[in-house]
K.L.:
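Shown below is the structure under consideration.
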Protein chains: 2
Amino acid sequence: MEKDNTYFGVKEIARRANVSIATVDRVIHNRTGVSEKTKKKINEIIKALDYQPNILASRLASRKIISLAVLLPKVSPETDFWEAPLKGIDRAQQEIKKYGVQVTTFLFDLNDHNSFNEQTKLILEGTFNGVLMAPSFVEEARGFVKACNKLKIPFTFIDSDIPDQENLTYIGPHLFQSGYVGAKLLTYRLKEKHKVLVVNISKDTDTYNYLQIEEGFRSYFKDHNLPGEIIRVDIKDTDSLSVTRDLKRILHTHEDIEAIFVTNSRVSAVASFLEKNKRGDISLIGYDFLKENVRYLNEGLIDFLICHKPEEQGYRGLMALYQTLVLGTAVEKVHFMPIDIITRENQAFYQN
Amino acid sequence: MEKDNTYFGVKEIARRANVSIATVDRVIHNRTGVSEKTKKKINEIIKALDYQPNILASRLASRKIISLAVLLPKVSPETDFWEAPLKGIDRAQQEIKKYGVQVTTFLFDLNDHNSFNEQTKLILEGTFNGVLMAPSFVEEARGFVKACNKLKIPFTFIDSDIPDQENLTYIGPHLFQSGYVGAKLLTYRLKEKHKVLVVNISKDTDTYNYLQIEEGFRSYFKDHNLPGEIIRVDIKDTDSLSVTRDLKRILHTHEDIEAIFVTNSRVSAVASFLEKNKRGDISLIGYDFLKENVRYLNEGLIDFLICHKPEEQGYRGLMALYQTLVLGTAVEKVHFMPIDIITRENQAFYQN
DNA sequence: CTGAAAGCGCTTACAG
DNA sequence: CTGAAAGCGCTTACAG
């Protein structure tokens with residue numbers, strides 16, 4: 001049970017370089033106040049010894065704390081999707097708080113662009129070392145990102161991406177491919193000549209997200225030369241009455257719709273409609289492992305749920321900041337989540 | 001950037017109890033040599049302060065190292081399945097080696113029961129604090145487990161379980177349900193009245209594993225009253241010639257087989273056969289995200305792969321030992337892996 | 001530009 | 001049964 005002592009630390013480096021460990025510390029952290037000569041000598045020894053700093057000792061000795069800000073949509077009664085990333089963030093926090101990492105959460109209202117700006121203002125007023133955010137409002141997020149860049153605060157995107165920003169990393173789904181998978185799954189339940197409905201239930205229907213998913217969805221049919229028709233409907237009022245009204249109208253106009261693809265987690269609203277109107281014959285696919293959705297999955301009203309590990313997105317997003325700020329190691333610029341397929345049969349063991 | 005000092009450590013406990021920190025340390029670790037009276041007093045203070053030990057400081061100060069043994073099948077040319085758990089173990093090791101955890105790997109030959117015994121003997125001769133193992137050979141594993149129990153060495157199972165052992169935890173698939181999912185997926189490609197072939201390619205065909213999977217598979221058809229026939233074949237010689245010979249014979253006898261379910265990762269052998277014999281019309285489902293399998297998935301010869309996150313099994317298995325031995329926290333007795341469904345469309349983003 | 005010393009929150013002999 | 005002291009591998013003022 002003895003530790004092998006082939007290990008070399010700052011002490012050994014200092015001994016070999018004929019300097020004090022304080023000077024070694026300065027070189028390791030690229031601090032000023034060391035002559036080029038000794039700096040070079042020390043760096044050579046570090047390389048020769050393949051020195052790996054002991055993070056435990058480092059974090060223990062340094063009384064610094066690292067403050068991270070998390071900016072996410074509020075969990076709403078309409079969809080509790082955002083619970084999952086928050087849970088992942090919490091898990092990460094539990095894991096790294098011993099290294100002196102502190103997390104403050106800021107929540108905005110998905111129905112109110114202005115609330116996003118209010119929260120970002122609060123973040124900028126604080127003194128945070130890094131930011132994890134869901135850039136749900138593209139324009140507003142762009143402005144915030146600019147401010148972060150100016151302050152040299154690193155930031156991470158989860159859930160959706162904004163191209164060409166200096167974000168540390170994006171952790172989330174490949175939306176196009178996810179829609180592609182959705183189409184593939186739907187074809188299992190389709191006749192030769194399909195008539196399919198794409199439903200988008202959201203206040204911001206023109207969001208980059210949904211367009212990407214739909215494009216992927218349509219591409220599958222195109223790539224495989226599947227004959228038929230894809231109808232789409234935007235439902236901007238997300239309350240159940242509006243959804244019911246709009247769906248009723250559509251299904252009345254297009255009686256022969258065989259399948260519905262919902263581009264987000266509101267699929268339970270459609271499932272509820274199908275149940276009430278005894279249209280269990282229509283195949284239904286949508287997004288996210290929410291309680292309501294899983295209930296309809298188990299009742300057979302939803303055929304498949306697609307899910308992009310929202311909890312893991314939160315976990316990894318925070319860990320990415322930890323890695324750069326504490327460990328100083330590199331992180332990939334993009335990390336796509338798996339496109340998980342959930343059915344009634346495998347749902348019991350799904351890990352968000 | 002200052003650490004908040006609402007934190008209480010051994011020093012504060014000692015001050016309040018009017019003892020030295022050494023005595024506090026004794027109580028924290030349940031060591032002998034403390035009077036009942038002071039012990040009680042210290043424990044009360046610990047509770048009142050909700051004291052959380054600083055693991056960093058603890059591991060840094062303690063020069064102890066913890067030795068773990070890993071016992072897995074060798075990666076064979078026939079299937080590189082076992083690469084994944086090893087990778088996960090490696091990742092866990094990288095993460096916890098800073099806490100003084102050392103891992104030694106022992107590999108046995110899946111074609112040779114005796115090699116398992118040889119390796120367990122080596123493990124028992126060493127001085128390990130914990131064991132992570134795949135109990136592929138049930139009888140042999142039982143014997144080894146008995147020895148571990150006698151030495152009070154905690155052990156963890158991954159990939160397959162042996163019921164009623166004193167294992168710390170089992171981390172792996174729910175095999176019955178996995179077969180059930182396989183059947184469900186297969187039905188998407190089936191006509192009204194099905195004729196399905198279950199293929200088991202393995203030297204040990206009577207293994208608990210395969211029986212469980214097959215039972216789940218059959219149960220789906222039973223539960224849903226699907227009419228038809230399920231044929232099964234055991235292929236004990238796993239080389240490609242034998243596989244070809246046996247499959248040829250079966251498909252000759254049963255010309256109307258529509259779909260094949262392979263109970264393990266050797267599904268690529270069947271795919272290869274179907275390709276050569278121009279039987280791409282037959283649906284095919286099998287296990288595991290191996291390079292060969294994914295190739296056939298992309299070529300459309302395999303319809304679905306089912307996968308149980310082998311890498312994560314290795315990772316979590318090792319972390320479970322770390323949690324009990326280093327952190328002293330509890331772990332669940334069973335942790336079932338998700339039953340992942342992989343298609344050509346979502347394979348690019350799969351995480352093992 | 002550099003070093004001596006104190007300290008992070010624990011553990012570990014050693015002494016009594 | 002208990003305590004004083006050294007030490008784990010770093011970081012941080014402070015002094016020069």
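Throughout, protein chains are lettered first and strands after them, A, B, ... in sequence-line order, and every chain is numbered starting at 1.
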K.L.:
Take atom CZ of A:R15 and atom P of C:dT2, then tell me their distance rounded to the nearest Å.
P.N.:
19 Å
K.L.:
Given C:dT2, D:dA4, D:dC10, identify the nucleotide with an atom nearest to the side chain of B:A22.
P.N.:
D:dA4
K.L.:
Starting at atom CG of B:N54, determine the distance to atom P of D:dG9, rounded to an integer number of angstrom.
P.N.:
16 Å
K.L.:
For C:dC1, does OP1 or OP2 lie under 4.0 Å from any side-chain N or O of A:K39?
P.N.:
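For C:dC1, OP1/OP2 do not have a side-chain N/O of A:K39 under 4.0 Å.
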K.L.:
If the cut-off is 4.0 Å, is B:R31 near the phosphate of C:dT12, judged by side-chain N/O to OP1 or OP2?
P.N.:
yes
K.L.:
Do the side chain of B:N54 and the main chain of B:A57 share a donor and acceptor less than 3.5 angstrom apart?
P.N.:
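Between the backbone of B:A57 and the side chain of B:N54 there is a qualifying donor-acceptor contact (under 3.5 Å).
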K.L.:
Can you tell me the distance, in whole Å, between the CG atom of A:L60 and the P atom of C:dC10?
P.N.:
9 Å
K.L.:
Picking from D:dG3, C:dG3, C:dC8, which would you name as closest to the side chain of A:V19?
P.N.:
C:dG3
K.L.:
At less than 4.0 Å, is any side-chain N or O atom of A:T38 found next to OP1 or OP2 of C:dT2? Yes or no.
P.N.:
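So the side chain of A:T38 is within the cut-off, an N or O lying under 4.0 Å from OP1 or OP2 of C:dT2.
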K.L.:
Between C:dC8 and A:K64, is there an OP1 or OP2 to side-chain N/O distance shorter than 4.0 Å?
P.N.:
no
K.L.:
Taking for each residue the nucleotide of DNA chain D with the nearest heavy atom, is it B:A57 or B:G33 whose nucleotide lies nearer the 5' end?
P.N.:
B:G33
K.L.:
Taking atom CD as the centre, does A:Q94 end up with more than 12 heavy-atom neighbours from other residues, nucleotides or ligands that are less than 6.0 angstrom away?
P.N.:
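More than 12 heavy atoms, drawn from other residues, nucleotides or ligands, come within 6.0 Å of this atom.
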K.L.:
Do any side-chain nitrogens or oxygens of B:T32 fall under 4.0 Å of OP1 or OP2 in D:dC1?
P.N.:
no
K.L.:
State which of D:dC10, C:dC1, C:dG3 makes the closest approach to the side chain of A:S35.
P.N.:
C:dC1
K.L.:
Are the charged groups of B:R15 and B:E12 less than 4.0 angstrom apart, N to O?
P.N.:
yes
K.L.:
Rounded to whole Å, please give me the gap between CZ in A:R59 and C1' in D:dT12.
P.N.:
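In whole Å, D:dT12 C1' and A:R59 CZ are 14 Å from each other.
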K.L.:
When all nucleic acid strands are considered with a 4.0 Å heavy-atom cut-off, which category describes B:G9: base, sugar-phosphate, or nothing?
P.N.:
sugar-phosphate
K.L.:
Which range-with-range stems can be found for DNA chain D when each stem has 3 or more Watson-Crick or G-U pairs in a row and both distances sit under 3.5 Å?
P.N.:
C:1-3 with D:14-16, C:5-12 with D:5-12, C:14-16 with D:1-3
K.L.:
Taking the six-membered ring of A:Y315 (Phe, Tyr or Trp), confirm whether the NZ or CZ of A:R91 is under 6.0 Å from its centre and within 45° of its axis.
P.N.:
yes
K.L.:
Side chain of A:S62 only, please: which of D:dT12, D:dT2, C:dT2 is the nearest?
P.N.:
D:dT12
K.L.:
In terms of the nearest nucleotide of DNA chain D, which residue is placed more toward the 5' end: A:Y51 or B:E36?
P.N.:
B:E36
K.L.:
Is any side-chain nitrogen or oxygen of B:S20 closer than 4.0 Å to OP1 or OP2 of D:dA4?
P.N.:
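Result: no.
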K.L.:
To the nearest angstrom, how far is B:K37 atom NZ from D:dT2 atom C1'?
P.N.:
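Distance check: B:K37 NZ to D:dT2 C1' gives 13 Å.
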K.L.:
Have a look at B:I21 and say if it touches a base, only the backbone sugar-phosphate, or nothing, with a 4.0 Å heavy-atom cut-off.
P.N.:
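The residue B:I21 makes base contact.
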K.L.:
How many Å lie between CZ on B:F8 and P on C:dC10, as a whole number?
P.N.:
13 Å
K.L.:
Which whole-number value in Å describes the distance from B:R26 CZ to C:dC10 P?
P.N.:
16 Å
K.L.:
Charged N to carboxylate O below 4.0 Å: is that the case for B:K121 and B:E118?
P.N.:
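Judged by the 4.0 Å cut-off on N to carboxylate O distance, B:K121 and B:E118 do not form a salt bridge.
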K.L.:
How many whole angstroms separate atom CD1 of A:I28 from atom C1' of D:dT12?
P.N.:
14 Å
K.L.:
From the options D:dG3, D:dA13, D:dC10, select the nucleotide whose nearest atom is closest to the side chain of A:V10.
P.N.:
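Ranking D:dG3, D:dA13, D:dC10 by closest atom to the A:V10 side chain puts D:dC10 first.
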K.L.:
Measuring from the side chain of B:A61 (C-beta onward, heavy atoms only), which nucleotide among C:dC10, D:dA13, D:dT2 has the closest atom?
P.N.:
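In terms of side-chain proximity for B:A61, the closest of C:dC10, D:dA13, D:dT2 is C:dC10.
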K.L.:
Less than 4.5 Å apart, side chain to side chain, heavy atoms only: is that true for B:P53 and B:I28?
P.N.:
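No. Closest side-chain heavy atoms not under 4.5 Å.
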K.L.:
Please tell me if the side chains of A:D161 and A:N167 come closer than 4.5 Å, counting only heavy atoms from C-beta onward.
P.N.:
yes
K.L.:
Any side-chain heavy atom of A:T120 sitting closer than 4.5 Å to one from A:M133?
P.N.:
no
K.L.:
Does anything in residues 141-159 of chain B pair up under side-chain hydrogen bond (donor to acceptor under 3.5 Å, both in side chains), and if so which pairs, sequence neighbours excluded?
P.N.:
B:E139-B:R142
